[in-house]
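Step one of this worksheet: look at the structure below.
These figures come from a predicted structure and were not determined experimentally.
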Amino acid sequence: MDTVNKVIDESKQGEAYQLETTSTENGKKLFLESYGCQMNFSDSEIVASILLDKGFTTTQNYEEADVIFVNTCAIRENAEQKVRNRLNDFKRVKQKNPKAVVGVLGCMAERLKAQFLEQEKLVDIVVGPDAYRDLPNLIEEAEDGRKAINVILSKEETYADLTPVRLGGNGVTAFISITRGCDNMCSFCVVPFTRGRERSRDPETIVKEARELFEQGYREVTLLGQNVDSYLWCGGGLKKEILTEEQKANAVTFAQLLEKVALVNPDLRVRFSTSHPKDMTDEVLYTMAKYENICNYIHLPVQSGNSRVLDLMNRGYSREWYLDRMAAIRRIIPDCGISTDVITGFCTETEEEHQETLSLMELVQYDFAYMFMYSERPKTLAERKYKDDIPEEIKKRRLTEVVDLQQKHSAIRTKAAVGKVHRVLVEGTSKKSEDMLMGRNSQNTVVVFPKEQFKKGDYVNVLVNSCTSTTLIGKAI
Ligand code: SAH
Ligand code: SF4
Ligand code: F3S
């Protein structure tokens, strides 16, 4: 995710990739585009790994593709709209090459299932996030002229044995999935329906992946899960609820996993996302404080600053609990970067309750935030139980207030970083100038500085002497 403050429709725009194939070419070209969260981008790396292994080559031009895949997001209505618009673009390909196969992958595929094939005549394949191993078969079926679908969700699949093909990356930072699915059932959220039950991945495979990335020159890994704090491995993926005390004592917790990954190499930075306020333990914070290479940055989505709304959202914590977690972060990791997600205009939210979101933001002063208007999603608890009763203009006005306040806070936070030395991991050249490098400090803020002799993957101490609202500017010392 870009770590700037903005009202995001989706964290990233569609992104397509060009890669070398890994085995004997089968003569077919794959166009693969991703929408949605980091986990979806990480899944595309699994998809690429499966198909490159079958001899596909990739193209960034969908007009010349034999197979077009869009990995989709269903989190908000406008995320889905974007995909539908995109499918229209692909119509031209079919007109030119009737044998071309169009597939919809990911969360929107899982949500709509066979309905997709009826609604969008153009689509040949519909595949949910747990069925990517089946892609080669599904493509064959579609090539034979049959519509192909696999939306079976799994309680075990973690793709733990597959080595993701790193897509569109910088060769320095990479994602590693540590859990899949979500068991939380926040009332507004479609993810439990699109990604299924939560399951944790074998820690040995996670550490192995981190080690291999380090050996290939990567210097930062981000451990991904919808709620990383609920990571728990007790061999064979047993469910938490049925564990004996002994099994629990032997299980690997998120804090322990974090430590294992941090120990891979002191020069490998470790980040993680997303933390959940109801589950984030002090043990995790102490582990972060103990290891220099675990970045001092936490994304801790609050959603609302009012306890009644949080209760309706089924988030499992109150305003007071959240502020207590915030105090723990400030106590244990004083220079921690903190970001959040906020939803405005959730069902029945009053003006006073919205003011409480603003006042919580004042108390915390987040470095960054991702802010959204509530978008009702089919099948969710909120859709079934509550009325989406806040008019669009009010949702929008509240969102503007949240965004404006956040902009003020971001400016304060970046200004406070001026005059200090920051350890920056270089990710590449700056977008604005070839003579400047860009990287991030531990708190996840972007830092740019003159290139001199430095290069991608270096750690550089940068004295920051000025800033824009979101970027720090300095010089190596
Ligand atoms: N697992 C993460 C969030 C994943 S979805 C967590 O629990 O924090 C990313 C963000 O999208 C959420 O934090 C929420 O702010 C937003 N979001 C999810 N469903 C939404 C909806 N129906 N309408 C608007 N925003 C939503
Ligand atoms: Fe959705 Fe809540 Fe799970 Fe996050 S924790 S993915 S918001 S259900
Ligand atoms: Fe979207 Fe699915 Fe991620 S709904 S936010 S792509 S888990």
Side-chain angles (χ1 to χ4, degrees), residues 36-44 46-47 71-75 105-114 126-135 149-162 164 175-206 223-244 247-248 250-254 256-257 272-281 301 303 313-317 377-385:
C37 65
Q38 292 166 329
M39 306 219 54
N40 235 26
F41 282 75
S42 169
D43 278 4
S44 287
I46 295 287
V47 170
N71 196 357
T72 60
C73 173
I75 201 84
L105 282 56
C107 291
M108 197 178 167
E110 189 63 51
R111 190 178 86 70
L112 290 161
K113 303 188 171 66
V126 172
V127 198
D130 285 346
Y132 295 145
R133 288 183 202 264
D134 199 21
L135 278 171
I149 179 163
N150 187 342
V151 286
I152 298 171
L153 286 172
S154 157
K155 287 201 179 95
E156 287 91 32
E157 181 65 272
T158 58
Y159 301 110
D161 57 312
L162 294 181
F175 297 133
I176 303 181
S177 279
I178 65 163
T179 67
R180 296 184 69 82
C182 185
D183 282 353
N184 280 327
M185 288 289 173
C186 301
S187 63
F188 52 79
C189 186
V190 78
V191 172
F193 303 94
T194 64
R195 299 215 152 227
R197 299 308 301 265
E198 181 191 286
R199 65 222 96 125
S200 297
R201 176 178 168 190
D202 182 342
E204 293 314 315
T205 68
I206 297 168
L223 308 181
L224 292 181
Q226 292 299 350
N227 173 355
V228 289
D229 301 291
S230 67
Y231 176 90
L232 196 72
W233 176 260
C234 20
L238 286 173
K239 286 308 287 181
K240 280 179 234 184
E241 302 81 58
I242 56 162
L243 292 183
T244 62
Q247 281 169 324
K248 258 189 206 153
N250 291 326
V252 177
T253 63
F254 177 58
Q256 288 161 343
L257 175 73
F272 52 87
S273 189
T274 302
S275 303
H276 198 299
K278 83 176 160 63
D279 295 322
M280 193 193 68
T281 60
Q303 316 297 0
M313 287 177 164
N314 203 24
R315 286 289 287 179
Y317 56 87
R377 308 309 292 133
K379 277 200 191 159
T380 55
L381 215 72
E383 188 247 3
R384 285 180 285 132
K385 275 174 68 180

Just jot down the salt bridge (Lys or Arg N to Asp or Glu O under 4.0 Å) partners of R180, sequence neighbours excluded, or say none. D43, D130
Test of understanding: with salt bridge (Lys or Arg N to Asp or Glu O under 4.0 Å), list the residues that count as partners of K379, not counting sequence neighbours. none
Counterpart residues, side-chain hydrogen bond (donor to acceptor under 3.5 Å, both in side chains), relative to T205 (two or more places apart): R201
With sequence neighbours excluded, tell me which residues meet side chain to side chain contact (heavy atoms under 4.5 Å, CB included) with S42. F175, S177, L224
Contacts of type ring pair (Phe, Tyr, Trp, His ring centres under 6.0 Å), residue Y132, not counting sequence neighbours: none
Could you tell me which residues satisfy ring pair (Phe, Tyr, Trp, His ring centres under 6.0 Å) with F188, sequence neighbours excluded, listed by chain and number? none
With sequence neighbours left out, what residues match N227 under side chain to side chain contact (heavy atoms under 4.5 Å, CB included)? N184, D229, S230, H276, K278, D279
Would you please name every residue forming a side-chain hydrogen bond (donor to acceptor under 3.5 Å, both in side chains) with Q256, sequence neighbours left out? T253
Check: M108 main-chain N/O paired with T72 side-chain donor or acceptor under 3.5 Å: yes
Identify, with sequence neighbours excluded, every residue that meets side chain to side chain contact (heavy atoms under 4.5 Å, CB included) alongside D134. N137, L138, N150
Sequence neighbours excluded, which residues qualify as side chain to side chain contact (heavy atoms under 4.5 Å, CB included) partners of P301? T274, H299, Q303, R315, D341
Would you please name every residue forming a salt bridge (Lys or Arg N to Asp or Glu O under 4.0 Å) with R377, sequence neighbours left out? E77, E80
Grab the two heavy atoms, one from S187 and one from N314, that are nearest each other, plus how far apart they are. N-CB, 4.0 Å
